[in-house]
**Student:** 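Encoded as structure tokens, here's the structure I'll be asking about.
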Amino acid sequence: MAPSPTGSIHIGNARTALYNYLLARQCEGTFVLRIEDTSRERSTPEFEQAVLDGLGWLGMDWDEGPNAGGDYGPYRQSERLATHKEWLEKLTAAGHTYRCFCTREELAEDRKVAQKEDRAPKYSGKCRDLDANEVDARLEAGEEAALRFRVEPRAVTFDDLILGQLEEDAGLWGDFIVGRSDGTPVYNFAVVVDDHLMAITDVVRGGDHISNTFKQIVMYEALGLAPPRFGHMPLTLNAKRQKLSKRDDSVAVEEYREQGYLPAAVVNFIALLGWNPGDERELFTMDELIETFRIERVTKSNAIFDFDRLDWFNGTYIRQLEVAELARLAKPFIEAAGLTIPDEDYLERAVALEQERIKRLADFPEALRFFLVEEVTPDMKFLVKKNGTTEETAAALSTVFELVQDFGVDDMAAMEENLRAMAEALGWKAGELFMPIRVAITGSKASPPLFDTMRVLGRARVLSRLRDAMRMLAKDAQDAAYGQSN
RNA sequence: GGCGCAUUCGUCUAGUGGCCCAGGACAUCGCCCUCUCAAGGCGAAGAUCGCGGGUUCGAAUCCCGCAUGCGCUACCA
């Protein structure tokens with residue numbers, strides 16, 4: 001896996017990383033992490049750390065990498081410059097390169113003309129056959145020159161792990177640059193050198209690299225090296241069917257963590273985005289993925305990222321968690337929202353009631369708010385009994401208040417029995433009585449089951465909220481009376 | 001423009017010549033359960049398998065053409 005640290009890890013890269021990881025683990029190979037930071041301006045140590053964190057969070061551990069060591073380091077491309085240059089010289093010694101004095105401006109102009117004339121924008125070959133003496137003289141004179149690879153026209157083919165037999169005509173390329181005029185090698189060459197030196201056997205990367213691969217294969221051959229196996233993954237697209245971009249999509253793995261997605265859910269989801277086991281299973285742990293993943297079963301077509309499906313996976317994983325564990329995970333989200341948690345036990349009991357109602361950990365603050373806050377503000381519209389009056393609702397709540405006062409809140413069966421009896425005596429449906437109580441104590445018309453909620457909230461809090469609600473109703477009745485008399 | 005890859009329900013996908021007038025999952029809708037919301041159970045709707053030609057007794061599956069989408073086309077990675 002060779003990510004560029006130009007941002008926190010991208011969900012599309014994460015999927016590529018996952019497939020690499022699964023492949024490496026299932027054949028008991030080595031999962032190598034190499035940081036491709038040759039783009040100095042865009043790469044930062046912070047981003048590199050973010051990439052490492054993201055991978056780690058998802059549960060992918062690498063055997064070799066910047067902070068893991070290994071026999072083939074360094075694992076940061078920027079630290080391998082000397083080696084790359086060495087190999088550039090080997091390539092030159094073998095007669096595969098030549099100096100090109102064309103300026104960027106000239107090249108850009110050629111491209112423009114070519115485009116205008118509907119020709120492929122391929123290098124003219126202007127400097128290909130320059131006289132050796134002339135080259136030396138111009139170099140001597142301080143003229144800048146890039147190093148180009150001599151391309152011999154022919155069909156280049158390879159057997160892709162995912163896509164099958166692939167072929168491209170090298171005659172279409174023109175000689176491409178392998179060394180910049182400042183002497184630094186180009187990414188596509190550095191990759192060849194590194195993959196070889198690091199004894200990489202399988203390269204799985206995004207389909208946007210296919211055209212690079214053809215060129216790499218030619219370079220391997222020029223260096224007398226055997227290329228590794230290549231596999232090109234379909235891309236993940238956004239709802240607009242474009243390659244996911246950092247600009248307009250939620251794409252950083254970091255963001256998923258912040259929104260309260262579980263790593264296991266994210267892994268399960270991205271694993272199934274472009275791969276399936278061939279039967280109808282869809283819930284997989286990492287170990288199960290390692291066992292059942294087959295690269296040949298990776299889909300060839302691009303996939304659109306479906307957030308609803310991710311949510312579903314996340315919900316099912318949340319429901320599978322032990323309550324204590326879920327509470328532990330929820331805690332930082334709740335605290336970040338500025339809510340205070342009285343004690344662990346209380347939190348756990350509240351979390352247990354919301355567990356099957358939540359999709360993301362970030363939903364917890366909102367869902368648990370009424371458990372953690374002193375007062376609640378019921379909406380009058382729902383506090384009053386459906387098709388009923390404020391007076392009769394107030395009267396009913398008052399009776400409930402007494403019941404809670406007398407019997408407490410811990411015996412749910414008794415509470416339910418009492419309230420149902422009360423509803424019947426009133427000639428109300430049970431729900432018609434339960435709803436005002438629910439709204440009074442939770443401030444919302446949607447909540448966990450009423451009696452569980454009351455028990456977790458505790459007698460004192462239930463009583464004070466009932467009292468507040470009764471006051472609200474009384475005030476409302478008063479206002480209405482004034483309104484009538486005026 | 002050139003080159004490459006792809007094309008099955010809205011989405012992820014199963015499918016490799018007859019088991020497919022196409023199966024599963026998410027989302028949607030309905031019913032059940034039920035004190036609300038969920039969760040769960042059951043069910044419905046949803047794909048003339050991009051289009052057009054072939055090959056074949058028979059094609060989503062094989063062949064050809066076209067269309068569309070995406071990617072690449074840098075002294076970026």
Side-chain angles (χ1 to χ4, degrees), chain A residues 2-6 36-39 41-43 77 100 102-104 107-108 111 114-122 144-148 160 162-164 166-169 172-174 176-182 184-188 190-191 206-214 232 234-235 237 239 241-243 269 272-283 299-313 315-316 319 353-359 367 382 416 419-420 423 429-435 437-439 442 444-451 453:
Chain A
S4 314
T6 56
E36 314 226 303
D37 56 351
T38 31
S39 167
E41 327 77 57
R42 290 194 281 154
S43 307
Q77 221 162 34
C100 170
C102 299
T103 63
R104 286 166 218 255
L107 261 18
R111 254 196 305 276
Q115 212 157 46
K116 214 169 142 190
E117 292 174 3
D118 273 358
R119 291 182 355 249
K122 113 181 197 189
E144 291 212 322
L147 201 61
R148 275 189 195 271
D160 191 278
I162 295 167
L163 266 13
L166 259 33
E167 179 177 323
E168 194 167 88
D169 178 6
L172 266 12
W173 303 340
F176 54 87
I177 289 175
V178 286
R180 287 182 269 253
S181 46
D182 65 2
T184 61
V186 129
Y187 156 84
N188 219 23
V191 166
D208 47 352
H209 280 283
I210 295 176
S211 26
N212 284 335
T213 300
F214 287 111
H232 292 91
L235 269 13
L237 272 26
R241 293 165 193 279
Q242 290 159 334
K243 197 163 87 155
F269 171 69
L272 253 27
L273 201 64
W275 170 81
N276 70 81
D279 53 42
E280 282 169 0
R281 284 176 297 167
E282 49 186 2
L283 260 17
T299 311
K300 295 180 181 179
S301 53
N302 296 343
I304 295 170
F305 196 99
D306 180 7
F307 291 91
D308 282 332
R309 197 164 151 80
L310 207 212
D311 280 349
W312 176 75
F313 275 109
T316 60
R319 272 170 254 129
L353 293 186
E354 292 293 353
Q355 181 166 25
E356 68 187 28
R357 282 157 243 277
I358 239 83
K359 283 195 161 68
F382 303 115
E416 177 159 8
L419 290 181
R420 283 189 189 279
K429 280 189 255 178
E432 292 176 324
L433 174 61
F434 294 176
M435 186 50 86
I437 303 173
R438 161 176 292 111
V439 174
T442 71
S444 162
K445 60 179 178 147
S447 83
L450 189 57
F451 310 110
T453 304

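Per chain, numbering begins at 1; letters A, B, ... match sequence-line order.
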**Student:** Return the value, rounded to whole Å, for the distance between atom CD of Glu282(A) and atom C1' of G24(B).
**Tutor:** 8 Å
**Student:** Using atom P of each nucleotide, how far apart are C3(B) and A74(B) to the nearest Å?
**Tutor:** 15 Å
**Student:** Figure out the CZ/C1' separation between Phe214(A) and U73(B), and round it to whole Å.
**Tutor:** 13 Å
**Student:** Within the stacking criterion (centroid distance below 5.5 Å, interplanar angle below 30°), does His209(A) stack on G71(B)?
**Tutor:** no
**Student:** Say you pick atom P in U61(B) and the same atom in A22(B); how far apart are they, in whole Å?
**Tutor:** 16 Å
**Student:** Examine Phe305(A) together with Phe269(A) and report whether their ring centres are nearer than 6.0 Å.
**Tutor:** yes
**Student:** With a non-hydrogen cut-off below 4.0 angstrom, is Glu167(A) in contact with a base, only sugar-phosphate, or nothing?
**Tutor:** sugar-phosphate
**Student:** At under 4.0 Å, does any side-chain N or O of Arg309(A) touch on OP1 or OP2 of U28(B)?
**Tutor:** no
**Student:** To the nearest Å, give me how far apart CZ (Phe313(A)) and C1' (A27(B)) are.
**Tutor:** 13 Å
**Student:** Give none if G18(B) has no partner; otherwise give the nucleotide forming a Watson-Crick or G-U wobble pair with it, both distances under 3.5 Å.
**Tutor:** C57(B)
**Student:** Side chain of Ser211(A), base of C3(B): donor and acceptor closer than 3.5 Å?
**Tutor:** no
**Student:** Mind checking Leu166(A) for me? I need base, sugar-phosphate or nothing, with any heavy atom below 4.0 Å counting as a touch.
**Tutor:** sugar-phosphate
**Student:** Please name the pair of heavy atoms, one in Ile162(A) and one in Asp160(A), separated by the smallest distance, quoted to 0.1 Å.
**Tutor:** N-OD1, 2.7 Å
**Student:** In the structure I gave you, are the side-chain heavy atoms of Phe451(A) and Leu419(A) within less than 4.5 Å of one another anywhere?
**Tutor:** yes
**Student:** If pairing requires Watson-Crick or G-U wobble contacts with both distances under 3.5 Å, which nucleotide is the partner of C75(B)?
**Tutor:** none
**Student:** Does the structure show a Watson-Crick or G-U wobble partner for A25(B), both distances under 3.5 Å? Name it, or say none.
**Tutor:** U11(B)
**Student:** Considering only side-chain heavy atoms of Pro121(A), which listed nucleotide, A6(B), U36(B), G1(B), is closest?
**Tutor:** G1(B)
**Student:** Any strand is fair game: report the nucleotide pairing with A6(B) by Watson-Crick or G-U wobble, both distances under 3.5 Å, or none.
**Tutor:** U68(B)
**Student:** Is any side-chain nitrogen or oxygen of Asn302(A) closer than 4.0 Å to OP1 or OP2 of C70(B)?
**Tutor:** no
**Student:** Please work out if Ala303(A) contacts a base, only the sugar-phosphate, or nothing of the nucleic acid, heavy-atom cut-off 4.0 Å.
**Tutor:** sugar-phosphate
**Student:** G30(B) pairs with which nucleotide, Watson-Crick or G-U wobble, both distances below 3.5 Å?
**Tutor:** C42(B)
**Student:** Please classify the nucleic acid contact of Leu272(A) as base, sugar-phosphate, or nothing, using heavy-atom distances under 4.0 Å.
**Tutor:** sugar-phosphate
**Student:** For residues Leu163(A) and Ile210(A), determine if any side-chain heavy atom of one lies less than 4.5 Å from a side-chain heavy atom of the other.
**Tutor:** yes
**Student:** Tell me if the side-chain of Asn212(A) makes a donor-acceptor pair with the base of A77(B), cut-off 3.5 Å, by modelled atom types.
**Tutor:** yes
**Student:** Say you pick atom C1' in G50(B) and the same atom in G69(B); how far apart are they, in whole Å?
**Tutor:** 10 Å
**Student:** Once you apply a heavy-atom cut-off of 4.0 Å, does Pro234(A) come out as touching a base, just sugar-phosphate, or nothing?
**Tutor:** nothing
**Student:** Contact class for Ser301(A) (heavy atom, under 4.0 Å): base, sugar-phosphate, or nothing?
**Tutor:** sugar-phosphate
**Student:** Say you pick atom P in C31(B) and the same atom in C37(B); how far apart are they, in whole Å?
**Tutor:** 12 Å
**Student:** Taking the C1' atom of each, how far is C51(B) from C57(B), in whole Å?
**Tutor:** 26 Å
**Student:** For the P atoms, the ones on G23(B) and on G43(B), what distance do you get once it is rounded to whole angstrom?
**Tutor:** 14 Å
**Student:** Quick one, Glu282(A) and Trp312(A) - any side-chain contact, counting heavy atoms below 4.5 Å?
**Tutor:** yes
**Student:** Quick one: Lys300(A) NZ to U16(B) P, roughly how many Å, whole number?
**Tutor:** 14 Å
**Student:** How is Leu450(A) classified with respect to the nucleic acid when contacts are heavy atoms under 4.0 Å: base, sugar-phosphate, or nothing?
**Tutor:** base
**Student:** Verify, without hydrogens or angle tests, whether Ser447(A) (side chain) and Thr442(A) (backbone) share a donor-acceptor contact under 3.5 angstrom.
**Tutor:** no
**Student:** Determine the Euclidean distance between corresponding P atoms of G41(B) and G52(B); express it in Å to zero decimal places.
**Tutor:** 41 Å
**Student:** Can you name the closest pair of heavy atoms from Ala446(A) and Arg438(A) and give their distance?
**Tutor:** N-CD, 4.3 Å
**Student:** I need the OH-C1' distance between Tyr187(A) and A77(B), as an integer number of Å.
**Tutor:** 6 Å
**Student:** Just checking Gly179(A): base, sugar-phosphate only, or nothing, at a heavy-atom cut-off of under 4.0 Å?
**Tutor:** nothing
**Student:** What interatomic distance, in whole Å, is found between C1' of C9(B) and the corresponding atom of U13(B)?
**Tutor:** 11 Å
